[in-house]
Structures are given as structure tokens and as C-alpha cells.
Amino acid sequence: MGPVVVREPDAGTFLRRMRLSDLGAVMEIDAASLPKPWSEAIWRSEIESPFGLYLVLEEGDEVIGQIGVRSVLDELHVTNVAVRPGHRGRGHARAMIQGALSAYPDARLVHLEVRPTNRAARTLYQSLGFRETGRRPRYYGDEDALLMTLDLSEGRP
Ligand SMILES: CC(C)(COP(=O)(O)OP(=O)(O)OC[C@H]1O[C@@H](n2cnc3c(N)ncnc32)[C@H](O)[C@@H]1OP(=O)(O)O)[C@@H](O)C(=O)NCCC(=O)NCCS
């Protein structure tokens with residue numbers, strides 16, 4: 001992994017590593033954003049994993065978004081992306097993904113799963129260059145997942 005990401009995607013926001021003390025805000029955003037939010041135990045183990053990079057986007061004192069990435073050799077897996085309702089549509093998710101990927105200058109492929117019905121997320125990922133590369137039946141229990149992949153050797157978003 002490259003240097004830990006600390007950058008300002010746009011004026012007034014700040015992307016930094018997630019801390020255990022962020023979990024209250026992070027779990028609140030997760031619950032407001034995704035049908036199957038993670039338990040506190042999962043969040044703790046992800047934050048503490050040496051294979052993960054978990055970042056929060058701050059605006060003032062408030063956490064307004066989060067992103068998680070896991071790495072294995074030169075492949076990355078985006079495990080979590082969410083922006084607090086009320087702060088969406090301002091480029092924050094795009095900036096968080098670009099910021100997280102910049103921590104892995106040697107990565108080659110980025111994978112993620114998305115619900116076919118999640119139009120906003122699918123459009124976001126397509127706009128960054130992700131392509132649909134597969135389908136995981138019943139991945140979410142109630143719905144299949146589309147597997148999307150970004151080939152960084154073709155250029156970075
Ligand atoms: C998906 C999500 C993370 C997008 O966050 P965001 O900060 O609003 O996204 P951005 O402002 O960075 O949008 C970047 C691009 O994504 C696409 N996009 C974002 N929201 C969209 C929407 N509601 N409808 C269609 N396209 C959308 C657009 O292409 C947009 O680019 P543009 O603004 O230049 O048109 C946010 O809606 C969210 O938190 N949703 C709930 C959690 C979730 O679904 N996470 C992904 C799980 S796989």
C-alpha cells in the first residue's frame with residue numbers, strides 16, 4: 001500500500017483513516033444507506049484488518065461518508081461505499097473511490113459487487129470505468145449481485 005490517503009477531494013472535506021471512535025457515525029450512515037448494514041463486530045474486524053483500508057470523509061466535525069477496500073496482491077475489492085443522505089450528488093462517492101485507489105499505486109484490478117436494482121451505484125461505477133464482469137446468484141440472499149471490475153492498467157479514474 002502507498003502512503004495513507006490524506007487529501008481534500010474538494011474544498012471543506014477531508015478523507016482520512018477510519019478510527020474505532022468513528023463507528024457510531026459510520027454505522028448510522030451504513031444503516032441509512034444499505035439494506036443489510038454490518039454489525040459492529042464486522043466493522044471492528046474490518047478496521048483492524050491489515051488487508052483493509054477504511055476511510056471516512058469529514059466535513060467540519062461530521063462524518064459524511066465512508067469507503068472500504070481490501071487488497072490481495074495486486075487486486076482490490078471495494079467492500080463498502082456510502083454517503084450520508086443529504087450529502088449525496090456532490091461528487092463525494094467518486095472522490096472517496098479515487099482517494100482510496102490512490103493509496104494502491106501498484107494495483108491492477110478493482111472488483112466490487114452491486115445490486116442490479118441500485119441504479120445510483122451502478123451509474124457511479126460505470127462513470128469511473130467499471131464494467132460488468134459477472135453475476136453472483138443470490139449473493140445478497142434476496143437478490144443477485146452484479147460483479148463489476150475496473151482494469152487500472154487501462155488508466156486510473
Ligand atoms: C451510491 C452512492 C454512494 C453515490 O454517492 P454520491 O456521493 O451521491 O455520488 P457522486 O455524487 O460521487 O456521483 C458520482 C456519479 O455517480 C452517478 N450517480 C450518483 N448518484 C446517482 C443517482 N441517484 N442516479 C443516477 N446516477 C447517480 C452519476 O454518474 C454521478 O456523476 P454526475 O454527478 O457527474 O452525474 C450514494 O447514493 C449512497 O450512499 N447510496 C447508498 C449506499 C450504496 O448504494 N452504496 C453502494 C453499494 S454497492
Side-chain angles (χ1 to χ4, degrees), residues 5-18 22-40 42-43 45-47 49 51-72 75-104 107 109-152 154-157:
V5 183
V6 177
R7 60 173 238 166
E8 287 183 292
D10 56 33
T13 61
F14 180 64
L15 192 62
R16 62 160 173 81
R17 265 188 188 267
M18 192 182 289
D22 295 318
L23 275 191
V26 162
M27 291 180 64
E28 188 183 296
I29 294 170
D30 200 27
S33 301
L34 293 163
K36 296 194 172 174
W38 288 352
S39 66
E40 183 170 342
I42 293 179
W43 276 111
S45 72
E46 286 296 302
I47 293 175
S49 166
F51 304 107
L53 177 66
Y54 281 80
L55 304 172
V56 292
L57 190 70
E58 268 188 336
E59 190 174 62
D61 292 340
E62 191 184 21
V63 172
I64 61 165
Q66 58 229 21
I67 182 161
V69 175
R70 276 184 159 259
S71 64
V72 180
E75 300 202 11
L76 305 179
H77 193 145
V78 178
T79 58
N80 195 290
V81 185
V83 172
R84 193 183 278 281
H87 293 265
R88 294 179 184 164
R90 297 183 203 163
H92 292 319
R94 178 181 283 136
M96 288 195 298
I97 294 170
Q98 289 169 332
L101 298 187
S102 73
Y104 297 94
L109 293 175
V110 189
H111 307 285
L112 55 80
E113 286 87 15
V114 61
R115 287 177 183 262
T117 51
N118 192 343
R119 175 64 49 195
R122 285 177 65 184
T123 310
L124 163 70
Y125 302 138
Q126 277 160 7
S127 79
L128 288 164
F130 284 83
R131 296 192 198 111
E132 289 177 20
T133 47
R135 185 176 271 263
R136 299 196 196 281
R138 311 294 293 171
Y139 180 84
Y140 296 106
D142 57 343
E143 202 176 350
D144 293 353
L146 292 176
L147 179 65
M148 298 187 77
T149 302
L150 174 65
D151 187 344
L152 293 170
E154 294 175 0
R156 285 185 164 251

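Note that ligands are numbered from 1 as they come in the structure, with each ligand's atoms numbered from 1 the same way. For reference, positions follow the sequence shown, starting with 1.
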Scan side-chain atoms only and decide if His92 and Glu59 contain a donor-acceptor pair under the 3.5 Å cut-off. no

Give me the residue, atom name and distance of the protein heavy atom closest to atom 15 (C) of ligand 1. Arg94 NH2, 3.5 Å

Considering the heavy atoms of Tyr125, write down every atom of ligand 1 situated less than 4.0 Å from one of them. 46 (C), 47 (C), 48 (S)

Residue pair Phe130 / Val110, side-chain heavy-atom distance below 4.5 Å: yes

For ligand 1, which is the ligand I care about here, please tell me if Leu34 has any N or O atom under 3.5 Å from one of the ligand's N or O atoms. no

Nearest-option assignment for atom 2 (C) of ligand 1, heavy atoms, candidates Ala95, Ala93, Gly91: Ala93

Which ligand 1 atoms does Ala82 reach within 4.0 Å, using its non-hydrogen atoms? 39 (O)

Are Leu53 and Tyr104 close enough that some pair of their side-chain heavy atoms sits under 4.5 Å apart? yes

Residues in side-chain contact (heavy atoms from CB on, under 4.5 Å) contact with Asp142, at least two apart in sequence or another chain: Lys36, Arg115, Tyr140

Go through the structure and list residues passing side-chain contact (heavy atoms from CB on, under 4.5 Å) with Leu109, not counting sequence neighbours. Glu75, His111, Thr149, Asp151

Should Met96 be listed as contacting ligand 1, given a heavy-atom distance under 4.0 Å as the test? no

For the residue pair Leu15 and Val56, establish whether any side-chain heavy-atom pair is separated by less than 4.5 Å. no

Salt-bridge criterion met for Arg84 and Glu62 (N-O under 4.0 Å): yes

Contact between Arg90 and ligand 1, counting heavy atoms under 4.0 Å? yes

Atom 40 (N) of ligand 1: any protein heavy atom closer than 4.0 Å: yes

Do me a favour and list the nearest non-hydrogen protein atom to atom 44 (O) of ligand 1 with residue, atom name and distance? Asn118 ND2, 2.7 Å

